[in-house]
Amino acid sequence: MKVLMVCLGNICRSPLADGLLRRKVEEQNLPFIVDSAGTSGFHEGEKADARMIETAKNFGTDLSFLRSRPITKSDLDEFDVIYVMDRNNYRDVIGICSTDEQREKVIPILDLVYPEENRIVPDPYYGGTQGFIDVYEMLDEATDKIISNFKMNGKR
Ligand code: 4NP
């Protein structure tokens, strides 16, 4: 199972989703390839935001090795599922898709936990520490769900 996590900058939300899922699948020896990307290249080559790295570290997840990169068209074929954090990410990723097969891979990540509620993972970039903790809790739950779904039926 190849999973790509996507947000705007690839420095806050998607690196966390990436690092959480990588840690969990490694701990449980599950056959996943996990990566993340941004819909923008604003922060290309940068580490995750220091506040996100710190929050993740406090909860036992290392993000220090991740570097931001923009999503590419080849990602749309390379990955089995592409989880997005909010509606802008959804619109932007759908906007570079050219086939229905690609479009069907694009899933708002909180649909895993709260189907039909159109919930988003809010961008914590301009807020305080609590925003980063809230994002951690949402993505911890969502990545647990990815794993439990995989164990139950071998797919998303
Ligand atoms: P992210 O947060 O999409 O969760 O990585 C952001 C980080 C930086 C910016 C926007 C969103 N920015 O515009 O610089």
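Each ligand, and each atom within it, is numbered from 1 in the order the structure gives.
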Give every pair made of an N or O atom of ligand 1 and a protein N or O atom lying under 3.5 Å apart, one pair per line with both atom names and the distance to 0.1 Å, or write 'none'.
{"residue": "ligand 1", "atom": "2 (O)", "partner": "D123", "partner atom": "OD1", "Å": "3.1"}
{"residue": "ligand 1", "atom": "3 (O)", "partner": "L8", "partner atom": "N", "Å": "3.0"}
{"residue": "ligand 1", "atom": "3 (O)", "partner": "G9", "partner atom": "N", "Å": "2.8"}
{"residue": "ligand 1", "atom": "3 (O)", "partner": "R13", "partner atom": "NH2", "Å": "2.9"}
{"residue": "ligand 1", "atom": "4 (O)", "partner": "R13", "partner atom": "N", "Å": "2.9"}
{"residue": "ligand 1", "atom": "4 (O)", "partner": "R13", "partner atom": "NE", "Å": "2.8"}
{"residue": "ligand 1", "atom": "5 (O)", "partner": "G9", "partner atom": "N", "Å": "3.4"}
{"residue": "ligand 1", "atom": "5 (O)", "partner": "N10", "partner atom": "N", "Å": "3.3"}
{"residue": "ligand 1", "atom": "5 (O)", "partner": "I11", "partner atom": "N", "Å": "3.0"}
{"residue": "ligand 1", "atom": "5 (O)", "partner": "C12", "partner atom": "N", "Å": "2.9"}
{"residue": "ligand 1", "atom": "14 (O)", "partner": "H43", "partner atom": "NE2", "Å": "2.7"}

*Please assess D92 against N89 for the test side chain to side chain donor-acceptor pair (under 3.5 Å), listing each intermediate value before the final yes or no.*
CA-CA 5 Å; D92 291 344; N89 306 153; 5.5 Å; no

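No more than 12 heavy atoms of other residues, nucleotides or ligands shown are found within 6.0 angstrom of NZ on K57.
When each of L4, L139, L112, V6 is paired with Y83, the side chain to side chain contact (heavy atoms under 4.5 Å, CB included) condition holds for L112 and for no other.
For the pair R51 and Y125, the distance from NZ or CZ to the six-membered ring centre is under 6.0 Å and the angle to the ring normal is within 45 degrees.
We find that R67 and E46 are not joined by a salt bridge, their nearest charged nitrogen and carboxylate oxygen being 4.0 Å or further apart.
At least one donor-acceptor pair closer than 3.5 Å links the side chain of D18 to the backbone N or O of S36.
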